[in-house]
Amino acid sequence: MATDDDLLDVLTALGVRVVVADLPPDRDGEYEHATRTIRLRPRMARRLHRSVLAHECAHAVYGDVPVDDRRYAERQEARADEWAARALITVEGYRWAETLHAGHIEAMAVELDVTVGLVRAYQRGLARQGTGSAPPTTRTSRMQPTA
């Protein structure tokens, strides 16, 4: 599981800076590729903060820029959520939370210290792999981009 420091290390390597800034009410964070800047709303709860930081980190990793094509923009957002989910949720942690909370997504999110959206993103990844639950444990880097 990636920590905030791990994510900040990735961002430092990419030349991206993180600032806390007032954002529109409908935004918790944003990535601006032209200035290599992530802006985060101040005073977020811990699990929201780490989830948003990881999501925006994914946009930086992929070099995402705003697009007018709604479907492409939705794919960028889903990809960023799935990258963030892989970075913040371990296979073992997911298995434990799923068992402990009998698949109750909100309780699993609290247990995993992420947002409900990232639990759902993790589950989308599992569905694409053709499994209903976490795959066997493997030691691959979740911090690397995937298509």
Side-chain angles (χ1 to χ4, degrees), residues 1-14 16 18 20 23-33 36-147:
M1 167 181 58
T3 64
D4 281 8
D5 286 341
D6 295 331
L7 295 171
L8 292 172
D9 288 346
V10 169
L11 293 169
T12 298
L14 293 171
V16 175
V18 178
V20 175
L23 296 171
D26 64 334
R27 270 184 205 272
D28 294 318
E30 62 187 17
Y31 171 65
E32 185 178 298
H33 189 66
R36 315 231 4 112
T37 303
I38 289 175
R39 289 176 198 70
L40 299 175
R41 184 170 52 81
R43 298 176 295 284
M44 286 187 279
R46 176 183 154 66
R47 71 186 177 106
L48 178 59
H49 168 84
R50 67 193 300 267
S51 297
V52 171
L53 177 61
H55 174 94
E56 299 305 333
C57 183
H59 284 308
V61 165
Y62 288 110
D64 289 341
V65 295
V67 292
D68 291 331
D69 182 327
R70 182 182 54 81
R71 284 186 292 168
Y72 187 76
E74 288 171 358
R75 284 196 303 266
Q76 281 184 333
E77 292 305 311
R79 181 179 66 185
D81 276 346
E82 290 179 24
W83 188 96
R86 287 190 312 274
L88 298 179
I89 301 171
T90 65
V91 171
E92 298 85 1
Y94 181 86
R95 281 185 178 153
W96 171 251
E98 186 178 49
T99 301
L100 183 65
H101 299 291
H104 186 272
I105 290 181
E106 289 83 2
M108 290 171 64
V110 171
E111 184 74 29
L112 294 166
D113 202 21
V114 297
T115 60
V116 167
L118 291 194
V119 174
R120 288 197 169 115
Y122 193 85
Q123 290 175 332
R124 283 194 306 272
L126 294 176
R128 262 198 316 283
Q129 294 172 7
T131 64
S133 61
T137 302
T138 59
R139 285 283 162 217
T140 59
S141 173
R142 294 179 316 257
M143 300 298 286
Q144 300 300 314
T146 58

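Residues: numbered from 1 along the sequence shown.
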List for me each residue that meets side-chain contact (heavy atoms from CB on, under 4.5 Å) alongside [X], sequence neighbours excluded, and say none if there are none.
X     : result
Pro66 : none
Val20 : Pro42
Arg46 : Arg50, Asp113
Ala73 : Val67

Partner residues of His33 under the ring-ring contact (aromatic ring centres under 6.0 Å, His included) criterion, sequence neighbours left out: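 By the ring-ring contact (aromatic ring centres under 6.0 Å, His included) rule, His33 matches Tyr31.
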
Those residues that, when tested against Arg27, pass salt bridge (Lys or Arg N to Asp or Glu O under 4.0 Å) (two or more places apart):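 With sequence neighbours excluded, Arg27 shows a salt bridge (Lys or Arg N to Asp or Glu O under 4.0 Å) to Glu30, given in chain and number order.
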
Salt bridge (Lys or Arg N to Asp or Glu O under 4.0 Å) against Glu77, all qualifying residues, sequence neighbours excluded: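 Here no residue qualifies.
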
Polar side-chain atom of Thr115 near backbone of Ser51 as donor-acceptor pair, under 3.5 Å: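 No; judged by distance alone, with no hydrogens or angles, the pair does not exist.
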
What pairs with [X] under side-chain hydrogen bond (donor to acceptor under 3.5 Å, both in side chains), at least two apart in sequence or on another chain?
X      : result
Arg124 : Glu82
Arg70  : Glu74
Thr3   : Asp6
Arg47  : none

Salt bridge (Lys or Arg N to Asp or Glu O under 4.0 Å): pairs with one or both residues in residues 54-66, sequence neighbours excluded: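 Found Asp64-Arg79.
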
